[in-house]
Amino acid sequence: MTERPDTPRLTDRAEAARQQRLAREAEALRANLRRRKQQSRARTAPAPDAPIPDSGDISGNEA
């Protein structure tokens, strides 16, 4: 298929700037994803100094 004559063409300099912008955006998205995953893991992981509940001390469930 032939290209339309009214399609704008980027200069080499503009294309290089576009590629750099896309690379920066991709890196920012990856960093954001890593940060969100780390926050999610921190929310689901138990605190290191939190006491572990003793399963042998269940007095309210006896019938």
Side-chain angles (χ1 to χ4, degrees):
M1 177 178 220
T2 61
E3 292 189 33
R4 294 174 31 187
D6 60 343
T7 304
R9 293 309 232 157
L10 295 178
T11 63
D12 290 339
R13 185 174 172 185
E15 181 62 28
R18 179 180 165 273
Q19 291 297 327
Q20 288 175 345
R21 179 177 46 85
L22 289 174
R24 284 192 311 269
E25 288 176 356
E27 179 56 36
L29 287 171
R30 284 190 295 272
N32 187 21
L33 181 60
R34 282 192 297 269
R35 191 169 44 251
R36 287 174 41 211
K37 282 184 174 182
Q38 184 179 17
Q39 288 172 348
S40 176
R41 287 185 197 116
R43 281 192 296 267
T44 59
D49 58 348
I52 299 173
D54 185 15
S55 61
D57 187 23
I58 303 175
S59 58
N61 290 341
E62 294 178 17

Applied to residues 36-45, the salt bridge (charged side-chain N to carboxylate O under 4.0 Å, His left out) test, sequence neighbours excluded, yields none
Count the heavy atoms belonging to other residues, nucleotides or ligands that lie under 6.0 Å from CD of Gln39, then report whether that count exceeds 12.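 For Gln39, atom CD is crowded (more than 12 foreign heavy atoms under 6.0 Å).
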Can you confirm whether Asp12 is buried at CG, in the sense that more than 12 heavy atoms of other residues, nucleotides or ligands lie under 6.0 Å from that atom? no
Just jot down the side-chain contact (heavy atoms from CB on, under 4.5 Å) partners of Leu29, sequence neighbours excluded, or say none.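 Result, side-chain contact (heavy atoms from CB on, under 4.5 Å) vs Leu29: none returned.
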The side-chain contact (heavy atoms from CB on, under 4.5 Å) partners of Arg13 (sequence neighbours excluded) come to Thr11
Partners of Arg21 by salt bridge (Lys or Arg N to Asp or Glu O under 4.0 Å), sequence neighbours excluded?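 Applying salt bridge (Lys or Arg N to Asp or Glu O under 4.0 Å) to Arg21 gives Glu25.
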Partner residues of Arg34 under the side chain to side chain donor-acceptor pair (under 3.5 Å) criterion, sequence neighbours left out: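 Glu27.
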Under the side chain to side chain donor-acceptor pair (under 3.5 Å) test, residues paired with Gln20 that sit two or more places apart: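 Applying side chain to side chain donor-acceptor pair (under 3.5 Å) to Gln20 gives none.
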